Each structure stands twice: as structure tokens, then as C-alpha cells.
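Notes follow once the structure below has been shown.
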Amino acid sequence: MNSYQIDEKLKPILNQMHQTGVKLNVDFLNNFSQKIGLKILKLESEIYNAVGHKFNLNSPSQLAKVLYEELKIKPGQSGIKRKKTHHSTSAESLGKIEKLHPSIKQILKYRELAKLKNTYLDPLPKLVDQNSRLHTTYMVDTSTGRLSSKNPNLQNIPIRTDIGKEIRKAFVAENGYKLLAADYSQIELRIAAHFSGDKTMIDAFKEGKDIHRTTAEELGVDRRTAKTVNFGILYGVSSYGLSESLRIPPEDAQALIDKYFLTFPKLAKYIQETIQKAQSNGYVETLYGRRRYIPELQSPIERLRKFGERVAINTPIQGTAAEIIKLAMIEISRKVFSIEKLVSSIDIQNTSHKILDTDSVKLILQIHDELVFEVKEEKIKEVAEIVRDSMENVVKLSVPIIVDLRVGKNWREIESI
DNA sequence: GATCGGCGCCAC
DNA sequence: AAACGTGGCGCCGATC
Ligand SMILES: Nc1nc2c(ncn2[C@H]2C[C@H](O)[C@@H](COP(=O)(O)OP(=O)(O)OP(=O)(O)O)O2)c(=O)[nH]1
Ligand SMILES: [Mn+2]
Ligand SMILES: [Mn+2]
């Protein structure tokens, strides 16, 4: 099986997922939107009061004028980047000047709430069908082989903040069903361990270690930030970039990068070898032979060449992760289908708890390394077993592949099993 | 009214 | 001058 054949077998499954859709609690989202809407109005008027006049808060250009001209906040002094048109008003930049004016904290809060309302709370209810189900379209056309999801994108539903995460409560199972969510553990780190053969990292995974957690504890940050560190370093983050995301001096960031590659020495070697091979071939390859050509490697412009090198490292790993989950989707659908066929051929009443069929288990979402199923409550145990076994064993690497399974009535309140 | 680049931000 | 990678989408301001 090569990457092309994988995608061909996947297509009918993606079509089925599109047709099935996911059930949305529309009333919940509408209520939530009203509440957030009131908070937004309040913040707006407080901000206009604080700066002395109204303006369009959604316009970065107008906001930059207010902050950096009227309020005379010195962007250069605070290390705020100049964009093409004006100085940046990104959350990262505003964070640096938060203490210089009382309105800035409120602007950040406004941005957070407006984002949730305009991107999720208001658009999603408008897109449901008569059965309150939402039908995203999955595409297979990204440069690494990952899927993408659009109209609406259901691969970027908030999870980081408590308030954002509430939105996941709106993704619910039908009556008599539960959601089963299965997410690969540290997936791209495992693939990096496999490709590089780094003994330290391989042993860590064989011992069941959680490298994201270890990084989090060492740095005193949350686990999501630790992912940014671990993947950032693996994929070529600069000391400057790392210093920005951790809010530490570049020297300290460089020390972290050095330590990372001292801890995992063969990772550094693998990176160099992969870049060299990409330069001589002109392309890189995933585990199942998907190729990505990287013309940037030949560019006379250093910035582009460096970008090409990072692409050369990232693509085989991210692309292989995509292939693994695609194979799992194919395998799971094959198993459910063959059990269903077996059952109908021997004409058993479909009541035994041992029996599965396409009405008992529906694959409804794919979020890069996570699958979400809607499963008849009485079949959760059997389905969970098949899902775990398929996802963990459909591909064999030199490290174990582990899946984290959770069950619940909605996508927010799911408990590990 | 549609389209586009820029900015910004959500997720993995 | 840049400064982990992969996406989709909302809003603004310019343009047609
Ligand atoms: N380059 C890069 N890749 C990322 C980033 N965040 C996530 N990914 C990729 C690599 C991850 O292995 C993969 C799946 O994301 P997850 O959020 O599930 O994290 P991961 O599986 O590593 O850890 P987990 O044990 O599931 O919490 O997506 C990031 O910030 N940068
Ligand atoms: Mn994961
Ligand atoms: Mn995940």
C-alpha cells in the first residue's frame, strides 16, 4: 500500500463522514452567544471610554493608530515588530505593553470573545441541517498529506481556554449514543524517534514516558506550551522564536535547544541527513512514499533556503502521522463493515452486544491525530477495543504507538477509559 | 457586491 | 531581515 492507494481507499470514508455529520446543540450555542455578546458590548464601551473615543476595534490599523500614536506607546522600546502597514497589534505584542495602559487587557479580552462569537458561536448554528447535524467537508490536498476540513472547519474547535472549550459542549451524541474520542499520544515525537533511531527517545517511549509532560515540568509551563517547545525545536525553531514563545532571554532559549539535542543526539544527526538527502533528491518522502518537492532548497535567498530545510524535516514526520491515522480509519471501517456483512449473511438478529454495524458506530470527525465516533451506548466497550487495537497496531514502528480513549455525551465532558 | 492581500487567531 | 510546520476563516481596506 502506498500513499496514493491510501488516499483512494480513504475517499469513500470521507464522503460517508461528510454525509453523516455531527450533531450540534444549537440552543446551547445561541444562548452562549447572547451571553458573550453582552460581555463584548460592555468591553467595547469600556475601551472607548479609556481611550477617549470610538473607533473600529476590529481594525488592526485603527487600533495601531490609537495605541502607538494617540496613546504614545512606544512600540520599538517594547520590542514590537513592524508589519508591512503598521506596528503589530497581535496578542503577543499587546501582551508586552499590557501594563502601559489599562485598556490593553480589555482589548485582549475583547479579541478573545469576539473571535469565539464570530468564528464559532454564530456561524455554526446557521450551518446545521433539519436534524441539527453539521456536515464538514474533508479535503485531502495538503502539502504533507494531512486532511483539511472546511465549511465549516471542525479541526480548529477551541480547547485551550476554559471559555473556548465550552463550545465543545455543543458537539453532542444522538440519544442512545455516546461520543468516543481517540487521540494518538505524542504522535510526531514517536515518529521522530522511529525515523532517527534515537535510543534515548525510543527507550523513553518504551518505558511509557510522556515527553511533553517532562518538558512541561522542567520548564514550569503547561503541557500545550511544552508541545510548542518540543515540536518547535524538532522543526527548527530559532533561539529568538523560542525566546518569544516562552518569554525568556534568547540565550536561555539557545541553551534549551542545545540541551534538547544533547539529550536526543541522533535526532540532530537525522535532521542533518534528511536535509542533505532532500538537497540531492530535490524532494522528501513519507513512510508510505508520498513525495514533496522542495524547490526552496535551491534558492539563492537564505530565508527561503532555511524555510526549505524546515519543510524537509517536518514533511516526512507530519506526513507519516497523517498516513498512520488514514490507515487506521480504513482498517476500522473495514472491520465494522465486515462484521456487518457477516451478520447479515448468516441472518442473526442484530441484538447481541458482540455485534457491530454501521448504525452502531459512526466515524464523525478527524482532527489530524484524533478520531471521534458516535457509538451506541451498549456497544462502547467493543468499539473502543477495535478502535484502540486498529489505531495502535495498523502500523508498526520501533516504538509503541499509544492511543488515549475518552467517552462522553459531548466533546467537552469526556472521561478517559 | 465580489475579490484579494494583510492581519490576526483558532486548532493539530 | 528573518526567525518550528500544517491548515481554515473572520474582518478590514483597497479595488473593480
Ligand atoms: N510543528 C508543530 N506540530 C504540532 C504542533 N501542535 C501539534 N502538532 C502536531 C504534532 C502532534 O504530534 C500532532 C498532534 O497534536 P496533539 O495536540 O494531539 O499532540 P500530541 O499528539 O503530540 O500529544 P498528546 O499526547 O496527544 O497530547 O500535531 C505545533 O505547535 N507545531
Ligand atoms: Mn495526540
Ligand atoms: Mn490531537
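It should be emphasised that the depicted structure is a prediction, and the values quoted were computed from it without experimental measurement. A note on names: the letters A, B, ... follow the listed sequences, proteins ahead of strands, and every chain is numbered from 1.
Contacts of A:S143 with the nucleic acid, taken as non-hydrogen atoms under 4.0 Å apart, involve only primed sugar atoms and P, OP1 or OP2. Contact annotation for A:R82: no contact, since no heavy-atom pair falls under 4.0 Å across all strands.
With 3.5 Å as the limit, one finds a donor-acceptor pair spanning the side chains of A:R190 and A:S185. For the 3.5 Å distance criterion, the side chains of A:D122 and A:S33 qualify, holding a donor opposite an acceptor.
Two rings, from A:F231 and A:H212, have their centers less than 6.0 Å apart.
Annotation: A:K409, atom NZ; neighbour count of heavy atoms from other residues, nucleotides and ligands within 6.0 Å is above 12.
When the nucleotides C:dG10, C:dA2, B:dC12 are ranked by their closest atom to the side chain of A:R168, B:dC12 comes out on top.
Here C:dT6 presents its C1' atom at 16 Å from CD1 of A:I187, a figure rounded to the nearest Å. As rounded to whole Å, 6 Å separates atom C1' of C:dC11 from atom CG of A:N58. If you take CD of A:E188 and P of C:dG5, they are 13 Å apart, rounded to a whole angstrom. The separation between A:Q366 atom CD and B:dC12 atom P is 12 Å, rounded to whole Å. Summarising the geometry, the separation between CG on A:D404 and P on B:dC12 is reported as 13 Å, rounded to the nearest angstrom. Between A:L189 atom CG and C:dC4 atom P there is a gap of 18 Å when expressed in whole angstrom units. Atom pair A:L304:CG and C:dA3:C1' shows a separation of 13 Å (rounding to whole Å applied). Atom P of nucleotide C:dC4 and atom CG of A:L242 are separated by 9 Å, given to the nearest angstrom.
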Pairs: protein N or O with nucleotides 13-16 of chain C N or O, under 3.5 Å:
from, atom 1, to, atom 2, distance (Å)
C:dG13, OP1, A:S59, OG, 2.7
C:dG13, OP1, A:Q62, NE2, 3.0

Under 3.5 Å, which N/O atoms of the protein pair with N/O atoms of nucleotides 3-10 of chain B?
from, atom 1, to, atom 2, distance (Å)
B:dC7, OP1, A:K84, N, 2.8
B:dC7, OP1, A:T85, N, 3.3
B:dC7, OP1, A:T85, OG1, 3.4
B:dG8, OP1, A:T89, N, 2.7
B:dG8, OP1, A:T89, OG1, 2.8
B:dG8, OP2, A:S88, OG, 3.4
B:dC9, OP1, A:A91, N, 3.4
B:dC9, OP1, A:R111, NH1, 3.0
B:dC9, OP2, A:A91, N, 2.9
B:dC9, O2, A:K115, NZ, 3.0
B:dC10, O2, A:N156, ND2, 2.8

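Not a single salt bridge (Lys or Arg N to Asp or Glu O under 4.0 Å) links A:K150 to another residue, sequence neighbours left out. Residues forming a side-chain contact (heavy atoms from CB on, under 4.5 Å) with A:D389 (at least two apart in sequence, or on another chain): A:K335, A:N393. Here A:R160 pairs with nothing under the salt bridge (Lys or Arg N to Asp or Glu O under 4.0 Å) rule; sequence neighbours left out. Judged as a side-chain contact (heavy atoms from CB on, under 4.5 Å), and not counting sequence neighbours, the contacts of A:V395 are A:L287, A:Y288, A:I324, A:L327, A:L397. A:E218 is linked by a side-chain contact (heavy atoms from CB on, under 4.5 Å) to A:T214, A:K259, counting only residues two or more places apart in sequence or in another chain. Every ring pair (Phe, Tyr, Trp, His ring centres under 6.0 Å) that A:F32 has, sequence neighbours left out, goes to A:F28.
A distance of about 13 Å separates the P atoms of C:dA2 and B:dG6, rounded to the whole Å. One C1' atom belongs to C:dA1, the other to B:dC9, and the distance between them is 24 Å to the nearest Å.
At C:dG5, one or more side-chain N or O atoms of A:R310 fall inside 4.0 Å of OP1 or OP2 (strictly under the cut-off). In terms of phosphate contacts, A:R146 brings no side-chain nitrogen or oxygen within less than 4.0 Å of OP1 or OP2 of C:dT6. Between A:T119 and C:dG10, a side-chain N or O to OP1/OP2 separation shorter than 4.0 Å is absent.
The stretch residues 387-395 of chain A does not touch DNA chain B, since none of its heavy atoms comes less than 4.0 Å from the strand. The stretch residues 213-231 of chain A touches DNA chain C through A:T228, A:F231, each having a heavy atom under 4.0 angstrom from the strand. Of the residues in residues 314-329 of chain A, those with a non-hydrogen atom less than 4.0 angstrom from any atom of DNA chain C are A:N314, A:Q318.
Atom-to-atom distance recorded for A:R146:CZ and A:I325:CD1 is 10.0 Å, nearest 0.5 angstrom.
Taking the charged nitrogens against the carboxylate oxygens, A:E112 and A:K115 have no contact shorter than 4.0 Å, which rules out a salt bridge. Salt bridge present: A:E273 and A:K269 bring a charged side-chain N and a carboxylate O closer than 4.0 Å. Under 4.0 Å is where a charged nitrogen must lie from a carboxylate oxygen, and between A:K209 and A:D203 no such pair does.
Applying the salt bridge (Lys or Arg N to Asp or Glu O under 4.0 Å) rule to pairs touching residues 232-241 of chain A yields nothing, sequence neighbours excluded.
Shortest non-hydrogen contact noted between A:L242 and A:A253 is CD2-O, 3.6 Å.
Judged by ring centres under 5.5 Å apart and planes tilted less than 30 degrees, A:Y240 stacks against the six-membered base ring of C:dA3.
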